[in-house]
2 protein chains.
Amino acid sequence: MLDATWFSEAQEPSGSAFSLKIKRKLHEEQSEFQFLEIYETEQFGNLMVIDGCTMVSTRDNFFYHEMMSHPVLFTHPNPKNVLIIGGGDCGTLREVLKHPGVEKAVQIDIDERVTRLSEIYFPELCESNNDPRAELKFIDGIKWVKDAAPNSVDIIIIDSTDPVGPAAGLFCADFYKDCFRALTENGIVVQQSESALLHMHILQEMRGEMRAGGFNHYQTVFFPQCIYPSGWWSATMAGKNAFTAFREQDAINKGFDTVYYNHEIHKASLAMPEFFKKAFA
Amino acid sequence: MLDATWFSEAQEPSGSAFSLKIKRKLHEEQSEFQFLEIYETEQFGNLMVIDGCTMVSTRDNFFYHEMMSHPVLFTHPNPKNVLIIGGGDCGTLREVLKHPGVEKAVQIDIDERVTRLSEIYFPELCESNNDPRAELKFIDGIKWVKDAAPNSVDIIIIDSTDPVGPAAGLFCADFYKDCFRALTENGIVVQQSESALLHMHILQEMRGEMRAGGFNHYQTVFFPQCIYPSGWWSATMAGKNAFTAFREQDAINKGFDTVYYNHEIHKASLAMPEFFKKAFA
């Protein structure tokens, strides 16, 4: 039993829960879209919770933000225009802008309150928000992609919540079709794809929808993410065309700091567990 | 808050907890050494808990047992005699005996009750206990290694609980010194080494003790382990001499089933996160 000094996210379908010991609740509000909470934890720094799900902690967000950005950016041969759908905490944006070749990074989160709270409680994630290459929009990303010019974006990073609620439309063929159209020749979309231990059905459905949206080339990266269900997360890349070779030399010489990612972790994250390989054989 | 329908392991130093929804408690007893509990969970099958710590679940134990055995066995050039210290649930023993070259595998757990309960509640982990190459002893492993003939064991797998209580002596230079002496020329010891996110101090202390015990060659493997703190676990191999090349071709042609491990996962598990590389630079 865990008492009220813990924040718990119970993931009922998997019968598992993850909890962090909290010092106090710093903030809560019902935004136009979701219920947002911020806690100060004992050991994980600050914690953002959206609709009851742990989203970001100070201590361990580096796994997710680095693995949502650097693998796809070092896979694309020359990414200049990057679109982030969701990602309102701005941590992915910060990682993307570490790449000097990126000329423009547009972050579109439907909920401006997520970013405003991140600026207060996760200022380190927002330190690149004023980069001249960054543009933050608080509008409907699905509609934006639908209206985007064809062949205009090199990489689309879908940094969303789970496929329920406001994010459900981000896991559908119609949306992927619009992504496909908006992407340039070597364009890649990458999306957080849940836990391969707990959510293989989501990973499989997602590829089915991506295929229906026009994508035929996939790579899934696996990485630890302590505060997400099972502690083991994934992101799936879908290429408009076959993937070109990972720019390993550029990753070796990246010239910016990371906590988890490096060129060896990049290659390692692509290794498919035996059960995963069989499921997608 | 989680009520009494959940079993929770609260890891106080890290301010985090992992919980599984339970159907009922199947068994509990105070053995001569530890407090043992068995639960039937909603989604993870059966769960064994020792002194309040989650040890084994039906659903996710494959990560740990495969990664404690196959990487070290495919790293050693020709392992014939394997010693398992701890490992009373017999899951590691089962994986070790999948290797046809292994001629003898001795499992030494101080607590016979762990094995007797595993036979009842995790029969699949015990399916190789009657293999003629297997020998199960319920005695003090530390003393056994001290008394072992020099150059008599190819691999020692230390499949223990955390470095407190009965297992504390398994994380000490004196014990490693005895392991070093008992190992053959290309001998390797491998030990579970906790979470690199939460327990870097343990990983660092362990290498210090291993070094004091005579070992100068290390490889750490990283793998998911949902029910252990942070969901991300590690095992550290220490070689009596420099490691020979991973027997990749043998791993490709392994001829036995695994759920997580394969030759690509083997190589991937050795990739060092950036922060880990810096800590051990």
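- Heavy atoms closer than 4.5 Å to chain B are found nowhere in A:Phe276, neither backbone nor side chain.
- For the pairing with B:Arg94, the salt bridge (charged side-chain N to carboxylate O under 4.0 Å, His left out) check across B:Glu127, B:Glu66, B:Glu124 returns one residue only, B:Glu127.
- Only the side chain of A:Phe62 comes within less than 4.5 Å of a heavy atom of chain B; its backbone N, CA, C and O stay farther away.
- Between chain A and the residues B:Gln43, B:Lys278, B:Gln11, the most heavy-atom pairs under 4.5 angstrom are made by B:Gln43.
- Contact count against chain A (heavy-atom pairs under 4.5 Å) is highest for B:Gly15 among B:Ser230, B:Gly15, B:Ala196.
- The most heavy-atom pairs under 4.5 Å with chain B, out of A:Ala4, A:Ser8, A:Ala17, A:Ala10, come from A:Ala17.
- With respect to B:Lys23 and B:Glu40, a salt bridge is recorded, a charged nitrogen being found less than 4.0 Å from a carboxylate O.
- Using a cutoff of 4.0 Å between basic side-chain nitrogens and carboxylate oxygens, B:Lys277 and A:Glu264 are scored as salt-bridged.
- Here the options are A:Phe63, A:Tyr64, A:Phe222, A:Phe18, the test is ring-ring contact (aromatic ring centres under 6.0 Å, His included), and the partner is A:Trp232; only A:Phe222 passes.
- Aromatic ring centres of B:Phe243 and B:His76: separated by at least 6.0 Å.
- The most heavy-atom pairs under 4.5 Å with chain A, out of B:Glu12, B:His266, B:Glu42, B:Lys267, come from B:Glu12.
- Side-chain atoms of A:Lys21 and A:Thr5 include a donor-acceptor pair closer than 3.5 Å.
- The aromatic rings of A:His99 and A:Phe256 sit tilted, their planes meeting at an angle between 30° and 60°.
- Contacts of A:Phe44 with chain B are made by side-chain atoms alone, with heavy-atom separations under 4.5 Å and no backbone atom involved.
- Using a 4.5 Å cut-off between heavy atoms, A:Leu198 contacts chain B through both its backbone and its side chain.
- The backbone N or O of A:Leu97 sits nowhere less than 3.5 Å from a side-chain atom of A:Asp131 that would complete a donor-acceptor pair.
- Contacts between A:Pro229 and chain B at a heavy-atom distance below 4.5 Å are absent for every atom of the residue.
- Residue with the most contacts toward chain B among A:Leu270, A:Val259, A:Asp257: A:Val259 (heavy-atom pairs, distance under 4.5 Å).
- Considering only heavy-atom pairs separated by less than 4.5 Å from chain A, the leading option among B:Gly231, B:Pro224, B:Pro13 is B:Pro224.
- Proximity to chain A is absent for every atom of B:Phe223, based on heavy atoms less than 4.5 angstrom apart.
- Ring pair A:His70/A:Phe74 is tilted by interplanar angle, where 30° to 60° counts as tilted.
- Heavy atoms closer than 4.5 Å to chain A are found nowhere in B:Thr41, neither backbone nor side chain.
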